[in-house]
There are 2 protein chains.
Amino acid sequence: MKILIIEDEESLQRSLDTYLTAEGYTCSNAKNYDIAKQKLALYEYDCILLDLGLPGGEGLELLRFLKEKDRTDGVIIISARNSLDQKIEGLSLGADDYLIKPFHLSELNARIASVIRRRSFEGKDHFTFNEIDVDLKGKQIKVKDQIVYFTKKEFDLLLYFMTNKNKAISKAAAVEHIWGDDADMADSFDFIYTHIKNIRKKLIDAGSNDYFQSIYGVGYKFVDQ
Amino acid sequence: MKILIIEDEESLQRSLDTYLTAEGYTCSNAKNYDIAKQKLALYEYDCILLDLGLPGGEGLELLRFLKEKDRTDGVIIISARNSLDQKIEGLSLGADDYLIKPFHLSELNARIASVIRRRSFEGKDHFTFNEIDVDLKGKQIKVKDQIVYFTKKEFDLLLYFMTNKNKAISKAAAVEHIWGDDADMADSFDFIYTHIKNIRKKLIDAGSNDYFQSIYGVGYKFVDQ
DNA sequence: CCTCAATAATGAGTATTTTCATAATGTAAA
DNA sequence: TTTACATTATGAAAATACTCATTATTGAGG
């Protein structure tokens, strides 16, 4: 997953890059309008973090550029709350989300994941990976064209990992995804082991592979292989 | 719950008023800056729906006014997506949420409920109603100073009804609140009967009243009485 | 390589959530 | 009033989710 960080404030840019790289994203940086435009001309990104605080309203300019070109890159706007004069036209210009500084990196991470996931589903009603086919509308999963029944939690979890293929997912992140806001209610994440075990069993029983690779001290990665 | 609708487009204003009144809110209308300001000077509202499309940026002006006066009314901004020149400074100015036209009334309804709920919790860690005391941090409920154990779903449901005291809640709305996004996965809402039954029993066993009044064809209302 | 401590997997038990069949109740029409 | 029909209540059973104790695996440091 490729992310473009458009941010002039160097310390923030560096934290973002470090954090997101650790999260498994491939980051590219642009510290001003020109570099950003140049990179945007060359590549598409899964998600663009755009600081509207670039001088001279250049942030909005970039957003307009993307819109004109019918680009489908996900965009998350970052802006300062105290810059009252800063115009936030962004959402009308098609940005996917916004964040007001200061924000927690984990919050950013969640939004990026959500934007990427939303985009990867856009218009689709099936999500396929090798012999696994997830029917998003019918909430049904087929493995090798055979319906395999997964419980709701299993379904959510499997889909979550599939949409984050080859990306290490911490247990905490997975639990937050299952539990949503109530995640803080959980005092132990142990039940994730049970769910993973059950999903693995169902997949293997259906003649598929164990795509879940456990990452010691972190969580799991759903791998190609 | 009092809502102020600041909207100049008459047909939209009327739909909002009709719908929200049916939802049990008390609506007040303002079709321009002057009327809005006048009403705001007289009353506080639980939620203000503010169309930023008022001529001459008057919408933002109202928002600044509220901010200056340290008003705590909830504010949801409504704005048109295609009005590219419209400046959406709103979020920096302390609005609680925004909606881009056109939107579904049910979506608006959900946001209003969420804004009102959030505000009613602001800074509190207890939510009390007669002899029922909900410890929001400790996720614990006391009835007549005795701890009564509710399961997670029961807890959420009871709290939801308590925060919507005297307001009819449809089963669909309650289920959506329990299930979140997965609500569409539900093909039957029957389990709500069981949950309500169990909550009622626990409350009555603890010496409290049955505050749940069932509304035929709709759902339930948590009443004062 | 071993050893050790930390983390993960597993199986079985417990609790919660949901479904289902049935009974009770409310509403409107005959 | 009845009657018919739809909605809600209830108890019990089934499915699901979570916990816990035990065993296995991992990776760091000797």
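Order of the sequence lines fixes the chain letters, A, B, ..., with proteins taken first and strands second; residue numbering starts at 1 for each chain. Since we're looking at a predicted model, the values are computed, not measured.
Dashed line: the shortest gap from a side-chain N or O of Lys171(A) to OP1 or OP2 of dA8(C) is under 4.0 Å.
When heavy atoms are screened at a 4.0 angstrom cut-off, Thr151(A) is found touching the sugar-phosphate backbone but no base atom. At a threshold of 4.0 angstrom between heavy atoms, the contacts of Phe150(B) with the nucleic acid are absent. Heavy atoms of Phe212(B) sit nowhere under 4.0 angstrom from any nucleic acid atom. Ile192(B) comes within 4.0 angstrom of nothing in the nucleic acid, heavy atoms only. Residue contacts shown for Leu157(B) are absent, as no nucleic acid heavy atom lies under 4.0 Å away. Among the heavy atoms of the strands lying under 4.0 Å from Lys197(A) is at least one base atom, whether or not backbone atoms are also near. Across all strands shown, Tyr220(B) has heavy atoms under 4.0 Å from sugar-phosphate atoms exclusively, and none from any base.
Distance from the side chain of His195(A) is smallest for dA17(D) among the nucleotides dA17(D), dT7(C), dC20(C). Here dT19(C) is the nucleotide among dT19(C), dT17(C), dA9(D) with the atom lying nearest to any side-chain atom of Phe191(B).
When the P atom of dT16(D) is taken as reference, atom CZ of Phe155(A) falls 14 Å away, rounded to whole Å. Atom pair Lys201(B):NZ and dA12(D):C1' shows a separation of 14 Å (rounding to whole Å applied). Between Tyr193(B) atom OH and dA23(C) atom P the separation is 17 Å, expressed in whole Å. Rounding to whole angstrom units, CZ of residue Arg200(A) and C1' of dT25(D) are separated by 12 Å. Distance CH2 (Trp179(B)) to P (dT17(C)): 12 Å, rounded to an integer number of Å. Spacing between atom OH of Tyr216(B) and atom P of dA28(C) amounts to 8 Å, rounded to whole angstrom units. Whole-Å rounding puts the Asn198(A) CG to dA17(D) C1' distance at 10 Å. Distance, Asp190(A) CG to dA24(D) C1': 15 Å, rounded to whole Å.
Ring centroids of Phe150(A) and Phe155(A) are separated by 6.0 Å or more, keeping the two rings apart. Less than 6.0 angstrom separates the ring centroid of Tyr211(B) from the ring centroid of Phe129(B).
With DNA chain D read from its 5' end, the first of the two nearest nucleotides for Tyr149(A) and Thr194(A) is the one closest to Tyr149(A).
Note that Lys171(B) lies outside the cation-pi zone of Tyr193(B), set by a 6.0 Å cut-off to the ring centre and a 45° limit from the axis.
Results of the side-chain contact (heavy atoms from CB on, under 4.5 Å) test with Asp46(A) over Val115(A), Ile112(A), Asp73(A), Ile116(A) single out Ile116(A) as the only residue that passes.
Remark: the Tyr149(A) side chain and the Lys202(A) side chain contain no N/O donor-acceptor pair separated by less than 3.5 Å.
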